[in-house]
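It should be emphasised that the depicted structure is a prediction, and the values quoted were computed from it without experimental measurement.
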Amino acid sequence: MKIFLKTDDEIELMRRANRLVGLTLAEVAKNIKPGVTTLQLDKVAEEFIRDHGAIPTFKNFPNPLGDPFPASICTSVNECVVHGIPSNNVVLKEGDIISVDCGTLLDGFCGDSAYTFCVGDVSPEVRELLKVTKESLYLGIEQAVHGKHIGDIGYTVQQYCENHGYGIVRELTGHGIGREMHEDPQIPNYGRRGNGAMLKSSMCVAIEPMVTMGDRQVWMLPDKWSIVTRDGKPAAHFEHTVAVCKGKAEILSSFEEIEQIEGKRY
């Protein structure tokens with residue numbers, strides 16, 4: 001495992017890249033409504049990212065099999081947990097939820113963040129899933145401080161979500177981030193207190209709870225990207241990039257612009 005600590009200047013560059021992700025997600029939010037295709041959302045995101053002098057890091061990013069991702073954002077609808085491929089064949093409808101995961105490369109450093117949106121009116125049960133998942137993200141971030149361990153983050157997320165009756169996906173994790181989108185260490189959403197590598201100031205990590213309404217079991221679709229729940233029940237996904245500090249983690253990405261459009265619905 002090779003963990004890169006960042007300088008203050010590098011963290012400032014990462015903040016810029018991550019703020020652009022937040023602005024991009026907000027731009028996408030303006031277009032989320034029944035009748036819109038996920039490919040239309042992808043075009044909005046790619047144009048916005050490139051217009052701001054950055055590169056969408058997801059585009060052509062290879063999976064473990066070497067297959068390049070064909071789009072600029074991941075659009076994961078309902079039972080799709082993560083890595084949904086934007087398509088003209090996926091049309092949003094009233095009551096859907098959609099996780100939009102976005103990455104940018106700006107001035108040599110990466111940004112990465114995700115948000116799960118409601119499409120029109122969503123059932124109270126699904127909205128509660130989103131609320132708890134989002135809350136678990138911030139509880140996990142509270143553990144991302146100097147001297148704690150990776151297991152402290154995962155334990156906190158896992159306990160909070162499982163205590164609400166939800167499943168925690170084990171096969172996918174958060175990750176270190178910097179000049180590369182995926183760096184060491186992996187940041188699972190489950191674990192034991194005090195286990196795993198010790199967190200140190202100036203580490204930058206992406207924390208991203210992936211939470212299922214039903215059973216935690218998932219599988220991959222034939223497109224070799226989309227990860228869906230086996231029982232077909234909805235899943236939620238929220239992600240922030242943070243810098244580990246002494247006392248309190250610094251969130252480099254932002255949901256503020258999204259919530260100005262969405263309101264704080266959960």
Side-chain angles (χ1 to χ4, degrees), residues 1-26 49 52-58 61 82 100-115 133-158 160 172-191 193-210 237-259:
M1 185 186 300
K2 191 170 186 179
I3 297 173
F4 297 98
L5 302 181
K6 276 68 179 181
T7 66
D8 289 346
D9 287 344
E10 289 173 335
I11 289 174
E12 182 59 37
L13 289 170
M14 289 190 64
R15 184 182 291 106
R16 290 182 57 205
N18 278 284
R19 294 292 291 185
L20 178 56
V21 173
L23 292 170
T24 304
L25 289 173
I49 291 167
H52 285 78
I55 297 169
T57 46
F58 292 4
F61 191 86
V82 287
V100 181
D101 195 351
C102 178
T104 63
L105 177 64
L106 179 66
D107 295 330
F109 284 87
C110 293
D112 191 7
S113 182
Y115 198 93
T133 304
K134 188 179 181 184
E135 288 170 346
S136 78
L137 168 62
Y138 286 102
L139 290 172
I141 290 170
E142 289 178 5
Q143 300 298 312
V145 295
H146 181 85
K148 291 272 192 176
H149 292 259
I150 287 172
D152 295 318
I153 298 173
Y155 174 87
T156 301
V157 171
Q158 179 183 10
Y160 190 72
L172 301 152
T173 71
H175 50 89
I177 183 170
R179 290 187 181 275
E180 301 291 334
M181 185 166 64
H182 291 158
E183 297 182 353
D184 289 332
Q186 292 189 348
I187 311 291
N189 295 303
Y190 62 95
R193 285 176 174 160
N195 270 27
M198 181 180 287
L199 299 167
K200 297 182 179 181
S201 289
S202 301
M203 288 174 61
C204 291
V205 296
I207 300 173
E208 49 180 321
M210 290 160 270
H237 175 217
F238 289 87
E239 176 183 19
H240 268 315
T241 293
V242 306
V244 175
C245 302
K246 292 181 179 178
K248 184 179 181 181
E250 182 180 359
I251 301 174
L252 301 179
S253 45
S254 173
F255 292 161
E256 291 178 13
E257 295 83 5
I258 297 167
E259 290 170 347

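When atom types are taken as modelled, the side chain of E208 and the backbone of H237 share no donor-acceptor pair closer than 3.5 angstrom. Using modelled atom types, one side-chain atom of N18 and one backbone atom of D112 make a donor-acceptor pair closer than 3.5 Å.
Smallest separation of non-hydrogen atoms from A144 and I207: CB-CD1, 4.1 Å. Closest approach of S136 and V157 over heavy atoms only: O-CG2, 3.6 Å. Between V21 and S113, the shortest heavy-atom contact is CG1-CB, 3.6 Å. T173 approaches Q186 most closely through the heavy-atom pair OG1-CB, 3.6 Å. Summarising the geometry of G22 relative to I258, their closest heavy-atom pair is O-CG1, 4.2 Å, with the distance given to 0.1 Å. The minimum heavy-atom distance between T156 and G140, with the atom names listed, is CG2-N, 4.3 Å.
Counting only residues at least two apart or in different chains, side chain to side chain donor-acceptor pair (under 3.5 Å) contacts with residues 101-110 comprise R16-D107. For residues 134-153, every residue pair satisfying the salt bridge (Lys or Arg N to Asp or Glu O under 4.0 Å) rule, not counting sequence neighbours, is listed here: K131-E135, K134-E259. Applying the side chain to side chain donor-acceptor pair (under 3.5 Å) definition to pairs two or more places apart or across chains, those involving residues 244-253 are R15-E250, H240-S253.
Considering only residues two or more places apart in sequence or on other chains, Y115 meets the ring-ring contact (aromatic ring centres under 6.0 Å, His included) condition with F117, F238, F255. Under the rule for a ring-ring contact (aromatic ring centres under 6.0 Å, His included), H146 has no partner lying at least two apart in sequence or in another chain. Residues passing the side-chain hydrogen bond (donor to acceptor under 3.5 Å, both in side chains) test with E239, sequence neighbours excluded: none. Residues passing the side-chain contact (heavy atoms from CB on, under 4.5 Å) test with T57 are L105, C110, M181, sequence neighbours excluded. Contacts of N189 classified as side-chain hydrogen bond (donor to acceptor under 3.5 Å, both in side chains), with partners at least two apart in sequence or in another chain: none. Residues passing the side-chain hydrogen bond (donor to acceptor under 3.5 Å, both in side chains) test with S254 are R19, E257, sequence neighbours excluded. Not counting sequence neighbours, the partners of Y160 by the ring-ring contact (aromatic ring centres under 6.0 Å, His included) test are H164. Considering only residues two or more places apart in sequence or on other chains, F61 meets the ring-ring contact (aromatic ring centres under 6.0 Å, His included) condition with H182.
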Please set out all donor-acceptor pairs under 3.5 angstrom arising from side-chain atoms of residues 194-202, sequence neighbours excluded.
{"unit_1": "S202", "atom_1": "OG", "unit_2": "K6", "atom_2": "O", "d": "3.4"}

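Rounding to the nearest 0.5 angstrom, the gap separating the OG1 atom in T7 from the CE atom in M14 is 11.0 Å. If you take CD on E183 and NE2 on H175, they are separated by 10.0 Å, rounding to the nearest 0.5 Å. Residue D8 holds its CG atom at 11.5 Å from CG of L13, rounded to the nearest 0.5 Å.
Checking V242, I177, I3 one by one against M203, the side-chain contact (heavy atoms from CB on, under 4.5 Å) holds for a single residue, I3.
In this structure, E12 places its CD atom where more than 12 heavy-atom neighbours from other residues, nucleotides or ligands lie under 6.0 Å away.
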